[in-house]
Structure formats: structure tokens, C-alpha cells
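The structure appears right after this line, and notes come after that.
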Amino acid sequence: MNRILFKKQLAEEIFELKVEAPLIASERKPGQFVMIQLDTDFGERVPLTIADGDPEEGSITLVVQAVGKTTHHIADLETGDVVENIVGPLGTPTHIEKLGTVVCVGGGVGVAPLHPIAKALKEIGNEVIVIIGARSRELIIFEEEMKAIADELIICTDDGSYGMKSLVTGPLEEVCRRDPQPAMAVAIGPPIMMKFCAETTRPFEVPTVVSLNTIMVDGTGMCGGCRVTVGGETRFVCVDGPEFDGHLVDFDNMMQRLGAYKPMEEEAHEQCHLDKEIEELKEK
Amino acid sequence: MSHPDNTQLVEDAKRQLDEIVAREDPLKPKDRLAIPFQEIPSQTPEERIANMDEVALGYTPEQARVESLRCFDCKKAPCVDGCPVRLDIPGFLRAAGEGDFREAIDIIKRNSLLPAVCGRVCPQETQCQLHCTVGKSLKDVNKSVSIGRVERFVADWEAEQAEQDLPEVKPETGRKVAVVGSGPAGVTVAADVRREGHAVTLFEAFHKPGGVLMYGIPEFRMPKRIVQREIDTLRTMGVTVETNFVVGRTRKLSDLIEKDGFDAVFVGTGAGLPKFMRIEGENLVGVFSANEFLTRANLMRAYDRKNADTPISNARKVAVLGGGNVAMDAARTAVRLGAEEVHLVYRRTEVEMPARVEEVGHAKEEGVIFHILENAKRVVGDEQGRVQAMECLKYELGEPDDSGRRRPVAIPDSEFMMPVDTVIVAIGNDSNPLIKQTTPEIETNRWGNIVVNENGKTSMDRVYAGGDIVLGAATVILAMGEGRRAAASINELLASE
Ligand SMILES: Cc1cc2nc3c(=O)[nH]c(=O)nc-3n(C[C@H](O)[C@H](O)[C@H](O)COP(=O)(O)OP(=O)(O)OC[C@H]3O[C@@H](n4cnc5c(N)ncnc54)[C@H](O)[C@@H]3O)c2cc1C
Ligand code: FES
């Protein structure tokens with residue numbers, strides 16, 4: 001029935017939702033995502049990475065940032081509400097291997113999907129360094145969860161309100177300079193952050209995995225709407241990914257494609273805020 | 001092309017039928033040949049480009065009878081040989097001609113499960129109607145008996161009757177069959193297997209069942225309520241429909257048998273992997289596969305801009321690449337979404353176009369601009385990576401290739417620019433690799449199609465397959481035919497155990 005079992009606000013416009021989805025909970029692996037649709041007739045399907053799963057309880061945890069119309073509506077759901085459609089787990093799971101030291105970089109809401117990957121990398125025997133970053137202190141999420149698994153946790157904020165005053169690329173570069181070098185980097189966050197993480201690790205030749213969150217329609221390889229250019233080849237994020245070699249991804253093209261419906265999205269985003277303000281005014 | 005007046009068509013048919021019924025002597029072939037061909041009442045091009053409703057409105061009962069009476073009822077019935085599922089065409093036309101529509105639909109349903117669908121989308125002009133003796137006598141295949149339109153009429157007639165004839169379901173056998181994919185192949189298998197009393201679960205990746213009929217073929221050609229009706233019938237028969245279930249991901253194919261206790265599985269997952277041109281600029285903003293464009297428009301209802309959450313580009317000048325049904329559907333959808341210019345670019349000539357003749361005609365009437373013997377060379381974008389133009393090349397027809405079709409050859413230095421803001425690629429579909437990737441034990445050929453034997457069985461024990469995943473992108477009727485064959489094998493397997 002996909003009932004919401006639990007909801008928590010993590011930061012401004014960032015929410016954690018635990019949703020009933022027994023089949024997905026038992027099949028999902030780190031790195032995979034689901035597609036959510038709130039209304040069968042007119043709803044949009046949006047991809048959300050699975051932050052956690054509990055097969056016993058039959059639930060999955062999603063972390064949602066309200067950016068467009070649908071994510072706003074998801075954020076408005078309350079415990080007990082039902083999500084009409086959830087499909088998954090989709091995408092190719094992360095390749096988890098014992099490599100030695102790995103560095104995991106998460107930006108903004110990307111820290112949530114990074115968590116199960118970091119955890120799995122740790123469990124298989126890697127030394128895991130975690131770097132998390134956000135614009136400011138209020139936007140840092142999953143700090144406790146990461147602390148529980150990381151051998152070393154570095155926090156940074158753009159404005160210096162918490163941890164180091166730096167972009168995540170600062171500590172990432174420092175980690176790459178260490179001896180021994182990390183055997184792999186994983187970066188999940190806004191496209192621009194992943195792009196610069198890949199640029200940071202490139203001179204050190206540290207293999208860098210990024211998890212792409214493109215526009216999707218079906219999530220099963222049927223439409224090609226999610227395609228990106230990787231090493232000069234067209235790849236479908238929903239089936240070939242979502243993880244790719246960050247050194248080969250054409251981030252500029254990806255960001256342009258992500259912006260395809262920006263004007264419409266912004267309008268919807270504003271409308272959502274307006275609607276809320278009107279509601280609040282009415283209540284008063 | 002001038003449009004016949006719908007009221008006139010209906011009036012004419014009434015009169016013609018009265019005249020025929022009033023005759024004392026039976027109709028001879030010569031008389032039948034003289035009965036006027038019945039045009040189907042339709043929305044005019046001006047009307048229909050402003051809505052998503054079905055273009056053809058359908059025959060009236062009188063028209064259906066008059067058209068059926070044109071059939072010679074020839075002994076050899078060459079039309080039946082042209083039909084992939086061998087409908088008793090003269091039989092149902094005879095009944096329809098007498099006005100016994102119940103009998104007509106019952107005859108059709110002996111072989112076909114989806115007459116309302118097939119009557120609408122089958123390429124009759126290359127199947128049954130191609131061989132029709134009436135068309136041959138009139139030396140015009142377009143004047144053959146309109147078998148498809150009569151089929152559609154009797155199917156729609158039945159749906160309007162208070163009493164529906166539900167297929168009989170035998171007592172429960174306790175056996176379980178999984179059907180993967182709810183397109184025409186899957187729907188057929190679900191019905192045929194359920195009739196034998198086996199429990200059937202139909203798994204569909206999307207949130208709505210129906211396959212291409214739901215997400216690909218637009219409302220104006222395949223009204224969704226008709227697809228919905230077929231699914232509702234399955235539910236009434238006791239078939240369980242599980243949407244949002246991707247076999248291979250939500251559950252492995254082998255787990256369905258090993259863990260979930262299904263006694264047999266049918267895979268009907270369709271083609272569904274869009275081909276791209278592999279040209280420069282193909283990933284620019286504003287380039288879509290036809291699958292994406294049509295899915296947004298149909299399944300996600302983006303044409304209803306006010307209510308739908310899924311956006312669709314505000315395409316003003318559109319180029320569609322390809323010459324099949326998919327290309328026509330994309331072009332005509334773009335017209336309805338308000339594009340100012342829609343260009344259809346095809347590298348061969350109209351004769352080679354795989355699209356149905358009727359669809360080509362409709363597209364032209366609706367103002368789609370045809371560019372034959374031209375093809376895209378690259379897509380050009382602006383600084384924001386948005387499509388600005390498409391560079392094209394002109395072609396001529398050279399020597400015939402292996403398929404016997406004359407090969408299009410690019411004319412050197414014939415490049416020219418077509419200013420467009422949207423490019424829709426509709427050059428075909430390969431088979432979706434998801435099942436293959438997640439089920440290494442299933443044998444596929446080099447195009448990724450699942451290999452089956454003459455009974456529709458795959459290399460895996462208890463696993464059958466059919467439809468586009470086996471044939472490559474084909475047709476609804478072939479998918480249905482394959483489904484019937486596989487269902488018969490599954491029923492036989494379960495009966496033998
Ligand atoms: C735009 C368009 C126009 C067309 N026009 C015509 C026409 O006019 N006449 C005609 O005869 N044919 C036409 N065709 C072709 C026809 O639609 C197909 O040949 C037919 O639908 C194939 O049926 P199918 O059952 O094999 O697969 P499909 O109809 O493709 O259905 C497959 C279903 O399986 C689902 N699926 C896929 N993978 C999985 C999975 N792993 N788990 C669960 N579900 C899965 C898909 O979501 C889909 O719903 C057209 C096709 C398109 C795209
Ligand atoms: S979302 Fe459609 S192919 Fe990936």
C-alpha cells in the first residue's frame with residue numbers, strides 16, 4: 001500500500017520519509033533508486049535514490065528536497081498518507097569491493113544516498129573517509145549516521161557556519177594528496193559539485209564514481225530521456241547507471257539537459273510557495 | 001482532399017441499405033460490386049488538430065451493414081490467408097451484413113481477443129484487405145471491403161450492449177502463471193491462460209497496464225478507454241494486475257518460478273529501447289526519442305497542460321525523423337500540442353514508408369510537411385545547448401539492398417539547414433535489454449530478441465515469450481498471434497502435469 005510510516009524534517013525543504021514497500025526493501029541494494037508518482041492520472045514520475053531499507057519492517061527511506069511541484073507535494077505528505085505509485089528498485093547497484101581506503105563525498109541532499117554506499121564499503125572492510133558539505137549549518141544532514149560508520153568524517157560549509165569553511169573539493173584534494181592515496185572516490189550531490197570533485201581527483205588519477213540524477217520518465221530504458229554522454233557514448237542513466245566514471249561524464253551537457261524544463265519547474269516551485277502562503281494567510 | 005460530409009455519409013447509407021433490403025432477388029457479385037464503398041465519418045482536419053479525440057468516428061449500423069454486403073463471400077477467402085490470426089472474415093461480414101452483430105462479434109472473438117484494438121490499428125491494407133477480391137475487381141486496394149472498419153464497428157457495438165459476453169473461466173486448477181508485460185501479447189496470454197482456470201498475475205512496469213497501446217499510440221488513434229476496457233475484462237475474469245512491478249528488478253525472473261511458485265512465465269516485454277541516429281548534437285536540449293515524446297503526451301497526459309504535472313516542451317518548429325507509424329504519431333501529436341510547423345524527414349520515398357497509408361494521409365491533411373529523400377546529418381545548438389537547427393542531406397535512391405528496397409544514397413554537398421527547436425527521433429526500437437541483463441540464462445539473438453521455439457518456449461524451463469520482444473518492433477496483431485500460441489503451449493504444459 002506504500003503508506004508513509006514516518007516523516008522527519010532534516011533541514012529547510014529537506015525531508016526524510018520512511019515508506020512501506022516490502023518488495024523493494026528486500027531487493028534493493030546500495031546505489032539504486034525508485035520512481036515515485038503521487039497521482040496515477042496526472043502525476044509526474046520522479047526518481048529518488050533509496051537512502052536506506054529495512055527488509056524486516058518492509059520499508060524504505062527516502063530523502064526528498066522540495067525543488068519542483070512533485071517533490072513539494074511529496075514533502076507535504078504526512079505519516080499515514082499513501083503514495084499511489086512507487087516502482088523499483090531501479091538502476092544498477094553500486095559495485096562494492098574491498099579496495100583499501102575510499103573517500104566518499106556528499107553534497108546537500110546527496111549525503112542521503114551516499115550513506116548506504118559508504119556503509120557497504122565500510123562493512124566489506126574498507127577504510128572510509130567521509131566528506132560532507134552544504135551551504136550552511138542548517139543544511140547538513142545525516143551527520144550522526146555518517147559518524148557511526150566513517151573512519152574519518154570531515155564536514156564543511158560554504159559560509160563556514162559549521163565545520164571547515166570550504167567547498168568539499170578542498171578536503172577532497174587534501175585526502176588525494178595523502179600517502180597512500182585513496183583507491184577510489186565516490187561523489188554524490190549537485191551536478192556542479194560532482195563535476196568539480198571529478199576535476200579534483202583527475203590529476204591524482206583516483207577513480208571517481210558519481211551518481212547522476214537526471215530527468216527520467218519511465219526509469220526502465222524505454223524513453224532515453226535520461227541519457228547522458230559518457231566518454232563520447234550515449235548512456236541511459238536509469239539502466240546503465242545511475243553510477244558512472246566521473247572522469248568520463250560530460251557534465252556540461254548533463255546540466256543543460258537537466259535545465260530543459262527549468263522555466264516550468266521554477267514557476268511550479270513558486271506556485272507551491274504562493275499556495276502555502278495563501279493557505280497560511282487563510283488560516284490566520 | 002475534400003472531406004465528405006458526415007451527415008451525408010450516414011443518410012446515404014440508410015438509403016442504400018433500404019434499397020438493398022427491398023430487393024427481391026439475392027445479390028449477385030455484380031450487384032455487390034456496385035454497392036458504394038463506405039467512407040468512415042471522421043473529424044475534419046481543422047477540427048481534430050485542436051483536440052486529442054479520435055479522428056475516425058466509426059460506422060453507423062447501416063454503414064456497417066452496407067459495407068459488409070460488398071463482400072463477395074468468395075469460396076477461397078484470400079483475405080483469411082492475409083490475416084495473421086486467420087479470422088473467419090467472410091463469416092463475420094455475412095453476419096454483419098444481415099445485421100446480426102452479435103453473431104459477427106462472436107465469430108471474430110473465436111480468433112481475436114482485441115477486435116476493438118485491431119479494427120483500429122491493424123495495417124489491413126497490407127494484410128486481409130490487400131487480398132480482397134472486391135478490391136482486385138475494382139483494381140484499387142483502397143476500395144477493398146473495409147474489413148477493419150466493420151470489425152471495429154461490431155466490437156464497439158458489443159461494448160455498448162447492456163449484456164457483456166464474458167469469456168468463460170473453467171474451475172480453478174490451483175496452478176499459477178505469471179505474465180510479464182501488459183501489451184497486446186501479455187493481455188492475450190493472460191486471457192487465454194485464465195480461461196483454463198489457472199491463476200494469472202499480470203506484471204507491468206508502468207503504473208498503467210496496456211503497453212504501447214497505452215503509452216505509445218496516441219488517444220486520437222487508440223482511445224485509452226478501449227484499452228482500459230480490455231484490462232477491466234481481464235480483472236473481471238479474475239486476473240490479478242500488478243502495476244509498478246519491473247521483473248528483473250522488483251523480482252528476478254527466475255525468482256518468480258523458484259521463490260514465488262509460478263508454474264510458468266510468459267515474457268511479453270515489448271521492444272522499447274529507442275534507437276538514436278548517432279549523429280552530432282543528438283543529446284542537445286530539445287532532442288527526444290519518439291518514445292519519450294509520446295509517453296509524456298499519452299501516458300503522462302502532458303497534452304493536458306493544465307492538469308498534468310509532467311511537462312512537455314513548447315515545441316514550435318519540429319522535425320520528426322522516420323517514416324513509420326511511430327513517426328506519424330509523433331508528428332501528429334506535435335501538431336495537436338500547438339507546433340507551428342512540423343516537418344517529417346524520411347530518407348527514402350513515400351512508397352517505402354512503413355507507416356499505414358491512412359496515417360500518412362491523415363498527417364498530410366493535418367499540415368505535416370513531408371521531406372522525402374532527406375536525412376539529418378547533425379543537430380545544431382545554441383550556447384545553452386538548445387536545438388537551433390538541423391543540418392540535413394539530400395538523398396537519391398540507388399541499387400536495391402538485401403531487403404529488395406532501393407538503398408538511399410546521400411548526394412554529396414547537398415547539405416542544407418532546417419531551422420527547428422525540437423527534433424523527435426522515430427527511427428525504430430530495439431528490444432529492451434532489462435530482462436536479458438538480469439536473466440543471463442535466457443537465450444537472445446544478436447539483436448537482443450528472445451529466442452523461442454515453434455511453441456513460443458524460450459531456452460529456460462517453464463518460460464515462454466512472444467510479441468515485440470521476440471519479433472522486434474512488429475504489430476499488435478502479430479503480438480496477439482504469438483500470445484495465443486504461447487498460451488496454448490502453457491495450457492498444454494499445465495494440463496500434462
Ligand atoms: C507509437 C507506436 C505506434 C504504433 N502503431 C501501430 C499500428 O498502427 N498498428 C500496429 O499493428 N502496431 C503498431 N505499433 C506496434 C505495436 O504497438 C507493437 O507491435 C505491440 O504493442 C507489441 O506488443 P507487445 O505486447 O509485444 O509489447 P508492448 O505493447 O510493448 O508491451 C510491453 C509491456 O511490457 C512492459 N514491460 C517491459 N519490461 C518489463 C519488465 N521488465 N517488467 C514488467 N513489465 C515490463 C512495458 O512497460 C509494456 O507495457 C506501434 C508502436 C508504437 C510505439
Ligand atoms: S528514464 Fe526513460 S530511458 Fe531512462
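Letters A, B, ... are given to chains in the order of the sequence lines, protein chains preceding strands, and every chain is numbered from 1. The figures here come from the full heavy-atom set of this structure, side chains too, leaving out hydrogens, waters and symmetry mates.
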Should the heavy atoms of other residues, nucleotides or ligands under 6.0 Å from CD of A:Glu233 be counted, would the total exceed 12?
no
Can you tell me which portion of A:Arg45 sits under 4.5 Å from chain B's heavy atoms? Options are side chain, backbone, both or neither.
both
Do A:Gln37 and B:Met300 make a side-chain contact, defined as non-hydrogen atoms from C-beta onward lying under 4.5 Å apart?
yes
Could you tell me the separation between the CZ atom of B:Phe293 and the SG atom of A:Cys223, rounded to the nearest 0.5 Å?
13.5 Å
Which bit of A:Ser26 comes within less than 4.5 Å of chain B, counting heavy atoms only: side chain, backbone, both or neither?
neither
Side chain, backbone, both or neither: which part of B:Leu294 has an atom under 4.5 Å from a heavy atom of chain A?
neither
Sub-4.5 Å heavy-atom contacts with chain A: which residues of residues 242-259 of chain B show up?
B:Asn244, B:Phe245, B:Val246, B:Arg249, B:Thr250, B:Arg251, B:Lys252, B:Asp255
Given a strict heavy-atom distance threshold of 4.5 Å, which part of B:Val287 is in contact with chain A: side chain, backbone, both, or neither?
both
Among B:Pro274, B:Gly385, B:Gly381, single out the residue with the greatest number of heavy-atom pairs under 4.5 Å to chain A.
B:Pro274
Relative to chain B, which of A:Thr234, A:Ile24, A:Thr70 shows the most heavy atom pairs under 4.5 Å?
A:Thr234
Beyond-backbone contact of B:Asn283 with A:Gln256, side-chain heavy atoms, under 4.5 angstrom:
no
One should read off an interatomic distance between A:Asp218 CG and B:Glu292 CD, to the nearest 0.5 angstrom, of 9.0 Å
Check each atom of A:Arg257 against the heavy atoms of chain B and say whether the ones under 4.5 Å are side chain, backbone, both or neither.
both
Between A:Met222 and B:Leu273, is there a side-chain heavy-atom distance shorter than 4.5 Å?
no
Contacting region of A:Val46 [heavy-atom separation from chain B under 4.5 Å]
neither
Give, as side chain, backbone, both or neither, the part of A:Leu38 having an atom under 4.5 angstrom from any heavy atom of chain B.
neither
Close side-chain approach of B:His207 and A:Ile86, heavy atoms under 4.5 Å:
no
Over 12 non-hydrogen atoms of neighbours within 6.0 angstrom of CZ in A:Arg202:
yes
Quick check on A:Glu56: does its CD atom have over 12 non-hydrogen neighbours (other residues, nucleotides or ligands) under 6.0 Å away?
no
Give a yes or no on this: more than 12 heavy atoms of other residues, nucleotides or ligands lie within 6.0 Å of atom CD of A:Glu12.
no
Please tell me if the side chains of A:Val87 and B:Phe206 come closer than 4.5 Å, counting only heavy atoms from C-beta onward.
no
Contact part of B:Glu204 toward chain A, heavy-atom cut-off under 4.5 Å: side chain, backbone, both or neither?
neither
Please state whether the side chain, the backbone, both or neither of A:Asn253 comes within less than 4.5 Å of a heavy atom of chain B.
side chain
Taking side chain as everything from C-beta outward and backbone as N, CA, C, O, which of these in A:Asp39 sits under 4.5 Å from a heavy atom of chain B? Side chain, backbone, both or neither.
neither
